2 protein chains.
Amino acid sequence: MNSLDMKIIKLLMQDARMKWSTLAKHIGLSAPATADRVNRLQEQGIIRRFETVLDPARLGYDLGAFVAVSLERPEHRDPFLQRIQELPHVLECHHVAGEDDYLLKIRCRNTEELDDIITNQIKSLHGISRTKTTIIMRTLKESTALPLLPED
Amino acid sequence: MNSLDMKIIKLLMQDARMKWSTLAKHIGLSAPATADRVNRLQEQGIIRRFETVLDPARLGYDLGAFVAVSLERPEHRDPFLQRIQELPHVLECHHVAGEDDYLLKIRCRNTEELDDIITNQIKSLHGISRTKTTIIMRTLKESTALPLLPED
DNA sequence: ACTGAAAGTCTTCCCCG
DNA sequence: CGGGGAAGACTTTCAGT
């Protein structure tokens, strides 16, 4: 990770489909050298994947919610986490400090679907002692872009 | 939005750098027709952007937190939201139902930086009556991919 | 809205420094 | 690790349906 890699990352963060030749011009390297560097960043796991960001509302995914989950005992953790990975409506799962154990972000079509997800897909798992649902009324900012600042 | 567009979206969601010719084979169209369709999806706003997903920890962004914010009075809302858009460490901002008004997701390098963000960048804004910070200890799943199911 | 062909561009491979 | 050239692949444009 040097300053050239940082430049590459910043540019690719904003446009994952940028052509190597364009990227090359920006960073002042030849196209093959640029492609090499990006491949290396991917192999190292610094670049995880290239994603297309869609408008949830335009696809009928109008409802979002955060669900805080409390787990009863540690032996329930692994099966819980495994199941969470499989649930497509659970976009994020964070282990958090504080009153609750896990915080999930969910996106779905409507309240009935949300009800089904929470009741049948999450609460039915073993060892869940409590859930606390917070409805998202409007999303004003949403990005995965890291706050890479000029000094980086 | 027909079933062909849904196929395109599903494939691009997983690999934003997929070549038009490859995509074309998957959906059974010619390359020019495929490129046309993707451009149309972008113009319609269904495709928002192509993003490169990085590993936060590998770039020194080891700390994450959710910050719940309560706003005192409605006239403080617009300046607050405007400022939030400008803060690079605030990755997400959702207006939520319930006890608090807004829920922010933050990523930063360490606790000192988090302290600075909450104290100097957020709490210093006018009209903030209360904040409640929840530290992320481990992120087990994180994606922007919508749960587009086979039936879509 | 899509196809097919042609023209132009970009990527990839390889060898050299 | 990076440059440059050549071969091949890909994208883009355009005419035609």
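Model, not experiment: these values are computed from the prediction. Chain letters run A, B, ... following the sequence lines, proteins first and then strands; every chain starts at 1.
- In this entry the distance linking CE of A:M18 with C1' of D:dC10 reads 19 Å, nearest Å.
- In this entry the distance linking CZ of A:R37 with P of D:dC1 reads 7 Å, nearest Å.
- Nearest nucleotide to the side chain of A:R40, out of C:dC10, D:dG2, C:dT3: D:dG2.
- For B:A31, the listed nucleotide lying nearest its side chain is D:dT12; candidates were D:dT12, C:dT11, D:dG3.
- As rounded to whole Å, 13 Å separates atom C1' of C:dC13 from atom CG of A:N39.
- Distance, B:D5 CG to C:dC2 P: 9 Å, rounded to whole Å.
- Among C:dC10, D:dG3, C:dT3, the nucleotide with an atom closest to any side-chain atom of A:K19 is C:dC10.
- Close to D:dT12, at under 4.0 Å from its OP1 or OP2, lies a side-chain N or O of B:W20.
- Classification of B:K132 and A:E99 as a salt-bridged pair fails, no side-chain N sitting under 4.0 Å from a carboxylate O.
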*Tell me, with the steps shown, if B:V90 and B:I106 meet side-chain contact (heavy atoms from CB on, under 4.5 Å).*
CA-CA 5 Å; B:V90 178; B:I106 288 175; 4.2 Å; yes
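- We find that B:R83 and B:E86 are joined by a salt bridge, their nearest charged nitrogen and carboxylate oxygen being less than 4.0 Å apart.
- When the side-chain nitrogen and oxygen atoms of B:S21 are compared with OP1 and OP2 of D:dT11, one or more of them lie within a distance under 4.0 Å.
- For the pair A:R107 and A:Y61, the cation-pi test (distance below 6.0 Å, angle within 45°) is failed.
- Atom pair B:L4:CG and C:dA1:C1' shows a separation of 11 Å (rounding to whole Å applied).
- C:dC2 atom P lies 8 Å from atom CD1 of B:I27, rounded to whole Å.
- The CG atom of B:L23 sits 13 Å away from the P atom of C:dC2 (whole-angstrom rounding).
- Toward the 5′ end of DNA chain D lies the nearest nucleotide of A:P32, the other residue of the pair A:P32 and A:R17 mapping further downstream.
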